[in-house]
K.L.:
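There's a structure below that I have some questions on.
Start at 1 and go down the list; that is how both ligands and their atoms are numbered.
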Amino acid sequence: MMDGTAGVSGRRVADESILDDPDAVAAHDPGGMLRFTASAGAQVRESAALAAEANLALLEDEGRPRAVVIAGIGTAGRTGDVLATVAGPRCPVPVIPHRSAGVPGWVGAADVVIAVSASGRSPEALGAAEAAHRRGARLVAVGAPDSQLQSVAERARAPFIPVPRRAPARASLWALTVPVLLAARTLGLVKVNEADLAETAARLDADADRCRSAAESFVNPAKSLALGLAGSIPIVWGSSPLATVAARRFGDTLSANARYPVVTGALGEAGRGRVGLLDGVFGGLVESTRDIFADPDEVEPDPTRLRLVLLRDGGLNADEDTDEPLAVEERRADAVQTLAERRGVRCDVVTAEGGSALERLASLVAVPDFASIYLALAHGLDPMAVPAVTEMKELSNQ
Ligand SMILES: O=P(O)(O)OC[C@H]1O[C@@H](O)[C@@H](O)[C@@H](O)[C@@H]1O
């Protein structure tokens, strides 16, 4: 272990042995991020039940909205991206994730605002809920019971789905996402049915089992993904809009849990720009940066390299669900794997499985979620406590 500035401590070089030592894992994860992450399937089931108890039928009365705005920040904001991608390009109304306080200027009585906040007190979600009420838009709120957000929803006589707050927001993605999807289903925007929810929950359970801390690195896909990424700069690209949501999610968890810098995005977009990273000093130029006149006895530290994680979505019903034909996405994913190989950049591939969009998304999120935690643990970092986020809040008075 080493101490950095301002009391930050950890190991600069990842220590693989921590991951296969249950006592060391428990010691580095005192808050239980692994346990919370393993509850993803249970979160789906519990949130579906909570949404069923809420009076979502209130939303139906005025029929199909002009637009739906999902307001929230951080993980709560990601739920809007999930809804947009599960609704797909054929969704009859615009689905707009909104991450700043308030709502866009055009929002009015014809629209629906879904305000999401795990704590029930982010200024972004609260501001949006209040603005929606003022402007006469239909409102749904999702967040901690007995929170400020619940009060705003009650004042607006809007449905509120109380999501118990047991873990940090980023370990509650599924608990927050399911109510958003079910509110959108009530509005006729997505076709998520009970079987989709049950299969998604079952897949999250199965992946949590494969990624459990008692499963050793050589059989544990999350531990091996984490160890592959250790010491690298990860680039995470998604082959489809759905896979891109999962890629951005991996960016959230790699940054927050493991504190790794990471580049994320859509492969289609990256192919026209960021793929150039593979040519750079962390990519194809890695070896050439070695000084040929250097003393051969002096051991140079291993250079930092890029490591590509490709999230591939060979969607079963891709022709209906995505913007581009599956064949184009597949060709592009094959191409970037070839390119990475040519530049000497290692590439991990996670391939989506499952019948529904939601289950496919779950299959691309689960293993990376665990990998971000194992990467933190291998560096001796507590994946739960993020001093910089806390200090940032204090410094900016939020
Ligand atoms: O979901 P709420 O509570 O509004 O928090 C929104 C975001 O706040 C930030 O400070 C972080 O803690 C994020 O992990 C979280 O997603």
Side-chain angles (χ1 to χ4, degrees), residues 29 31-37 39-40 43 46-47 50-51 69-83 97-103 113-132 139-153 158 160-181 183 245-246 248-262 264 365 368-370 372-373 375-376 381-398:
D29 183 21
M33 276 297 266
L34 279 172
R35 188 163 40 86
F36 289 131
T37 303
S39 75
Q43 291 178 31
E46 183 183 40
S47 272
L50 290 166
V69 171
I70 305 89
I73 192 87
T75 302
R78 269 298 159 242
T79 67
D81 301 334
V82 175
L83 174 57
H98 183 75
R99 291 179 161 86
S100 46
V103 290
V113 173
I114 308 181
V116 189
S117 168
S119 61
R121 56 187 162 85
S122 81
E124 291 77 11
L126 285 174
E130 274 156 10
L139 172 68
V140 190
V142 179
D146 306 318
S147 60
Q148 283 165 271
L149 187 60
Q150 177 164 9
S151 311
V152 178
F160 176 75
I161 296 127
V163 173
R165 195 168 185 226
R166 305 190 184 102
R170 63 185 181 283
S172 309
L173 174 71
W174 297 99
L176 296 171
T177 294
V178 167
V180 171
L181 292 172
V245 174
R248 297 200 201 286
R249 161 71 179 175
F250 198 16
D252 297 341
T253 57
L254 276 174
S255 309
N257 296 333
R259 283 137 244 186
Y260 263 53
V262 53
T264 64
V365 167
D369 267 12
F370 280 100
S372 70
I373 297 170
L375 187 54
L381 294 166
D382 174 353
M384 186 178 285
V386 189
V389 172
T390 315
E391 270 174 63
M392 181 77 188
K393 280 183 187 162
E394 284 164 11
L395 288 168
S396 60
N397 225 344
Q398 280 192 319

K.L.:
Give the residue, atom name and distance (to 0.1 Å) of the protein heavy atom nearest atom 1 (O) of ligand 1.
P.N.:
Ala118 N, 2.6 Å
K.L.:
What atoms of ligand 1 come within less than 4.0 Å of a heavy atom belonging to Gly74?
P.N.:
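Selected atoms, number and element: 16 (O).
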K.L.:
Can you pull out the closest protein heavy atom to atom 15 (C) of ligand 1? Residue, atom name and distance to 0.1 Å, please.
P.N.:
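Protein heavy atom at minimum distance: Ala169 CB, 3.7 Å.
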K.L.:
Should Arg78 and Asp252 count as an ion pair when the cut-off is N to O under 4.0 Å?
P.N.:
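Counted as a salt bridge, because a side-chain N and a carboxylate O are separated by less than 4.0 Å.
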K.L.:
Measuring from Asn257:CG to Asp382:CG, what's the distance to the nearest 0.5 Å?
P.N.:
9.5 Å
K.L.:
What part of Ser119, side chain from CB on, backbone N/CA/C/O, both or neither, has a heavy atom under 4.0 Å from ligand 1?
P.N.:
both
K.L.:
Nearest heavy atom to atom 7 (C) of ligand 1 wins, so pick from Thr253, Thr79, Ile73, Leu173.
P.N.:
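Answer by nearest heavy atom: Ile73.
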K.L.:
What protein heavy atom sits nearest atom 4 (O) of ligand 1, and how far away is it?
P.N.:
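Heavy-atom neighbour on the protein nearest atom 4 (O) of ligand 1: Ser117 OG, 2.6 Å.
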K.L.:
First locate atom CG of Leu254, then atom CZ of Arg259, and finally report the distance between them rounded to the nearest 0.5 Å.
P.N.:
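So the CG of Leu254 and the CZ of Arg259 are separated by 11.5 Å.
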K.L.:
Does some non-hydrogen atom of Lys393 fall short of 4.0 Å from ligand 1?
P.N.:
yes
K.L.:
Can you list the ligand 1 atoms lying under 4.0 Å from a non-hydrogen atom of Ala76?
P.N.:
1 (O)
K.L.:
How long is the gap from CD on Gln150 to CZ on Arg121, to the nearest 0.5 Å?
P.N.:
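Going from the CD atom of Gln150 to the CZ atom of Arg121 covers 15.0 Å.
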K.L.:
Do the side-chain N and O atoms of Ser39 and Gln43 include a donor-acceptor pair separated by under 3.5 angstrom?
P.N.:
yes
K.L.:
Show me which atoms of ligand 1 lie under 4.0 Å from any heavy atom of Thr75.
P.N.:
16 (O)
K.L.:
Hey, could you give me the CG/CZ distance between Asp81 and Arg248, rounded to the nearest 0.5 Å?
P.N.:
7.5 Å
K.L.:
Using a strict threshold of under 4.0 Å (side-chain N to carboxylate O), is an ion pair present between Arg249 and Asp369?
P.N.:
yes
